[in-house]
Every structure is written in C-alpha cells, then in structure tokens.
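Have a look at the structure below before the remarks.
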Amino acid sequence: MADKDKLVPRSEDFNEWYNAVVLKADLADYGPVRGTMIVKPYGWTLWENIQAALDKRFKATGVQNAGFPMFIPMSFLQKEAAHVEGFAPELAVVTIGGGQELAEPIVVRPTSETMIGHAYANWIQSYRDLPILLNLWNSVVRWELRTKLFLRTLEFYWQEGHTAHATAAEAEERTRLMLEVYADFAINEAAVPVIRGVKSEAERFAGANETLTIEAMMGDGKALQSGTSHNLGQNFAKAFDIQYLDPNNQLQYCWTTSWGLSTRFIGAIIMTHGDDQGLILPPRLAPYQTVIVPIYKKEEEKTAVLAATARIKAELEDAGIRVHVDDRENLTPGYKFNDWELRGVPSRIEIGPRDVEKHSVALARRDVPGRDGKQFVSQDGLAQTVTDLLADIQQSLLDRATQFRDANTHDVSSYDDFKEAIQSGFARVWWAGSREDEQRVKEETKATIRCFPLDQPGGSGICFYTGQPADKIAIFGRAY
RNA sequence: CGGGGCGUAGCUCAGUUUGGUAGAGCGCUCGGUUUGGGUCCGAGAGGUCGUCGGUUCAAAUCCGGCCGCCCCGACCA
C-alpha cells in the first residue's frame, strides 16, 4: 500500500482527517459557491435514514409535515426584536426579481418562525384550533463567514418543528418532549451519547425564552450542539398576533415552540465514531449495513462464488439487512476492504472458494478494524449472525463513545483545573456567573457554557470563577 | 473584515530563484496479468499554467491590478 493512498490519521490531525473522510467516503463535495455543499448519494442516503428515524418519532407525538416558502418578506424578520438582531448579520437578501428591483427586499429563510407566525395568526381563532403541531423538512440559508462541510455551510438541510399551544405549561411540555425525541434518536439510532440541558442566556436562540439542547462530545474532545428545542413563550405570538378565544371568550396569546436538527448531525456521527481508518457508521443508520466482497481466481471459482453471493444477499435482505455486493472486477479484495472501511460500513462479508467449499464466510466488524475484527462463520443462520453482530456493533459504538465522553469530563473547582480540563474535553462546574462572566471565560479560554444539564445533582457549591455560592452545575467546553 | 499561505492535468504536487517546445505520481481509457488486506506490465487520452494588463525577440517563470480558495481570529445550527 502506498502511503499517499492513506487517510491522514485522526490521531494526527483531526481537522484534516475530518475533511478527507467527508470527501473520500463520498458523503459530500464542495459546491461552486464558497461555503456551499453538494451532498452525494451515500451522504444523502444516510440523511434519509436519519429523516426516517426522526419523522417516525415526530408523527408518534402527533406532528404533521408541511411545506412553507423559502422567501420571507424582510418586514417579517423585523417584527421580533431579538430575532432580527440575532439573524440580521447572516441573512441572504433578494433585491431583484425577474430583472426588476423589488419594492420590498425578500429574505431567504434562515429559519421559519416568522413565516409560521404569520400563518398561525391566520389559522388560529379558537382554543379548539389548538394545538397546532407542524414540522418542515427543508433547507435554510445563513451567510456564515467560516464554513465546514456538514458542520457549517451557507445552506443546510434540516427539519424545523413549529407548535402553538393554549398554555405555557403545554408549550413547556412540548419543548421538553421534542428534546427527549432528539436524545432518544441520538442515543438509540446514532449511538451518539448526548447531554440534555438548558442553554445559557448568551447561547440562547434569538427570540426564545429558553433553549434546550443535546450536546455531544466529539472525538477531539470538543462539543457539538446536535439538536435544539426552543420555548418561544409568547414572543412570536405577540409579534405576529397569534391569538385565540379561550372557553371564557377571552382573547389570549398563544404559546409557541420550535425545534430543529440538521445535517450537522452527520458531522456528529463522523466525529463521534470515526477512527484512523475512516468513517464508522452506526448500523441502524448506515446506508449499507453489510457489504459482500466476492473473491475468486479461476472462472469456475467465480461461478460458484457469485452463486453463493447472490443466495446470501437474498437471505440477508429477506431478514431486513441493507446489503451491497461489491462486484467491481478491476479491484483486488484488499483494496475493497480498505475502501469500505473508509466508508464506514459496519460489517463486511467475504466469500471465496474456500468458503464455498466449507460453507462458511469471513465476517468482519468495522468497529474492530483490520484482521482482528474478522471471524469465519457458517453460512447456516448467517442472517441471524449478522443481525446479532449489527446489534452488538450498535451497542459497542454507544458504549465506547459514552466511556470516552465520561473519561474526558472532569469535575473541577479551580480555574487552573478548568483550563486543563477543557483542553481535552468538558469541565463540569458550579456556576454563578453572569453573562459577562461567561464572555470573559470565553475570551480567556475559548470555552463556553454548553449547557446546564437537566439532570442536576442538587445541593449547592462554590462557583469556580466568581467564588460566589452556586446552585447549579454547568458543562463547559470548546465548541464547533 | 484583520493575520498567514496558495492558485500549473480529475486529484496531490514539481517546475518560478537564474525567462527559451508543459512535467511526475495517483486516477481515467484500452490490452494483458493478478485477486483471502491498497496487484503488476504495456499503450493512450487529458492542461487557454486563476484572470487582465505590462516588460521582452521570447513569460508558468519578471512587474502591476483584479478574482478565487485554504488555514488562524471575530460571528454561528
């Protein structure tokens, strides 16, 4: 193997490794406009599997999908003060349409709260119209200064849920429920362990009363906000006049929520599970759960091997396993092994003449790279063997990532220990600081409050930064 | 927008110092060979050297303007 064919090892240069993996694993490519991304079929299939897992969960809570325009009147953005302030710097604005200067500039949606607010104001008259539970699968545009494939691009794909409720309690319940949906998805589908928490004032969504987040730790110890759920209170209801008559014939403002998870999550999967060999995809989301590499020399071997391959492929597919046969003629098996390991396929089946003879296959697991992860198993009951293996890999990935996160999360009480902790991971601390204090910590250490975990230990302690009595724990980290 | 680096074949880059017919490896096409951890041999296709202008008999190479990309900061799902 020539060195130049190799991937930059993750352990050597995490940043370079990430860029190379995205491109070489065939997930995505750069678009022609700076900061834009082309999602290739392999990456899009992964996204489709993410969509399916989320969509099923959304609908189970009563949510329906809808489509909303990507063009928003500029005036809508300006109706909610905090919202416009938050998004103004990163808006893409259309000023010409059909060759004519437009009377009012049109904004390409950076998110749809305002458009939703406009529609809900029209749709809602009575408490009988509530709640409204909608979700949009779309893309949004934010003119970011510094971009990175999947993690931050000018345009990205996501879902944005928008609900309207009669009471504050209901909106709060929905905000928490959707956070729980995200956490369940992340942990059980993507094998990405996440911390559920509340964002600090500084990190809160522009226009929200409260932003909930799931935070994950990447393989380099940095944090990635992987999904968010906002309680918007009555801010947008008041800005857009979303009102209803309650049973007592009193006019009331609605309480709204919004929640989103984007293709950024693909970045989370890459950076949580990947290794020096490349990508490792969680079996439940992987486009291909197993790839079959047929091996043969002579023509009669080829016939027998391909016959066995076709039979095994059919058996696995019948068992609901997503199978791909790599029958490319011009490449050696060794090349294919490396190729599929780079692309993160969770398991691999090799079928050669010896296997045909012994009614066996070589079965490799991606989470244990190289020959070590390979075993010879019988073709009898292979679908079950593979199903069990995939479940085992799914669990192992979650266990490994959880252990890594916990091993790199440190309870600290002094600023010196804090600075040390955030070099390699998260610092868990008592916090009583102000927004300005958080800003100073950021300037001094590059670490920010990722969240105040919902799961608080209780009791009280001394703030590591201000020395004041504190009643809550915060997770600090350097973030993407 | 500040600091740094770079634009030469699909990709990674050499060639620029000292101006003189456009190069290598990988990839791609064709033929053969090989195939249980990145086969080997041969033949071939492929480039207005980012762009505009200047100097010169002659510019990838020297000079100037512009454009673009990457990395580091400020901003962010």
Side-chain angles (χ1 to χ4, degrees), chain A residues 1-8 13 15-16 19-20 23-24 29-35 85-91 110-111 139-148 150-160 182 199 202-206 211 213-215 223-230 258-268 277-278 293-299 301-302 305 326-342 348-358 360-362 364 369-374 376 439 442-443 446 448 479-480:
Chain A
M1 178 188 359
D3 278 354
K4 57 181 162 294
D5 293 334
K6 273 190 169 173
L7 192 65
V8 180
D13 186 339
N15 196 44
E16 184 61 32
N19 288 330
L23 297 173
K24 289 190 162 192
D29 204 350
Y30 292 101
V33 172
R34 177 197 67 84
E85 192 186 334
F87 281 106
E90 52 189 33
L91 294 179
T111 179
S139 71
V140 289
V141 170
R142 298 177 189 178
W143 214 262
E144 301 290 350
L145 300 177
R146 208 168 143 197
T147 59
K148 196 171 178 66
F150 287 119
L151 297 181
R152 194 174 303 105
T153 48
L154 294 198
E155 179 188 14
F156 59 89
Y157 301 92
W158 74 344
Q159 56 71 215
E160 46 175 322
Y182 290 149
K199 279 296 185 187
E203 301 273 328
R204 188 183 297 158
F205 176 75
T211 289
T213 178
I214 51 172
E215 294 285 325
L224 187 72
Q225 178 173 316
S226 304
T228 51
S229 184
H230 313 293
S258 67
W259 24 277
L261 184 146
S262 75
T263 39
R264 167 179 261 199
F265 200 90
I266 291 176
Q277 272 62 242
V293 178
I295 298 162
Y296 47 80
K297 295 183 186 137
K298 309 188 197 97
E299 201 57 30
E301 288 175 347
K302 176 176 176 180
V305 164
D326 187 352
D327 56 2
R328 288 177 290 179
E329 293 274 3
N330 52 337
L331 298 171
T332 61
Y335 182 92
K336 294 177 182 177
F337 299 163
N338 285 286
D339 194 34
W340 290 112
E341 280 175 8
L342 171 62
R348 183 183 68 241
I349 293 169
E350 305 163 21
I351 306 173
R354 294 207 294 275
D355 296 305
V356 171
E357 194 182 319
K358 296 196 294 201
S360 65
V361 299
R371 290 192 183 86
D372 295 341
K374 200 144 81 172
F376 287 89
Q439 181 63 29
K442 182 179 180 181
E443 281 162 14
K446 292 182 180 167
T448 50
Y480 274 98

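Order of the sequence lines fixes the chain letters, A, B, ..., with proteins taken first and strands second; residue numbering starts at 1 for each chain.
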Students often get this wrong, so: under 4.0 angstrom with heavy atoms, is [X] touching a base, only sugar-phosphate, or nothing?
X: A:E350; answer: base
X: A:G352; answer: base
X: A:F205; answer: nothing
X: A:L151; answer: base
X: A:K446; answer: sugar-phosphate

Between B:G37, B:A77, B:G36, which nucleotide gets closest to the side-chain atoms of A:R371?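 The listed nucleotide nearest to A:R371's side chain is B:G37.
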
Proximity to the side chain of A:Y335 - top-ranked nucleotide from B:A77, B:U39, B:G37: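 Comparing B:A77, B:U39, B:G37 against the side chain of A:Y335, the answer is B:U39.
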
Under the rule for side-chain contact (heavy atoms from CB on, under 4.5 Å), what residues qualify as partners of A:Y480, not counting sequence neighbours? A:F14, A:L151, A:M218, A:D220, A:K222, A:L224, A:M271

Under the rule for side-chain contact (heavy atoms from CB on, under 4.5 Å), what residues qualify as partners of A:T153, not counting sequence neighbours?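 side-chain contact (heavy atoms from CB on, under 4.5 Å) check on A:T153 returns A:M37, A:F156.
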
Let me confirm one number: the OH-CD1 distance from A:Y157 to A:I266, rounded to the nearest 0.5 Å.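 Nearest 0.5 Å value for the OH-CD1 distance: 11.0 Å.
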
Is any N or O donor-acceptor pair between the side chain of A:K336 and the base of B:G37 shorter than 3.5 Å? no

Using only heavy-atom distances, decide whether a donor-acceptor pair under 3.5 angstrom links the side-chain of A:R348 to the base of B:G37.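 Check passes, donor-acceptor contact within cut-off.
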
Nucleotide forming a Watson-Crick or wobble pair with [N], both distances under 3.5 Å:
N: B:C49; value: none
N: B:G2; value: B:C72
N: B:C28; value: B:G44

Is the ring centre of A:W158 under 5.5 Å from the base ring centre of B:A77, and are the two planes under 30° apart, so that they stack?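 Given the distance and angle limits, no, they do not stack.
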
Charged N-O contact under 4.0 Å between A:E350 and A:K336: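 A salt bridge is absent here (no side-chain N lies under 4.0 Å from a carboxylate O).
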
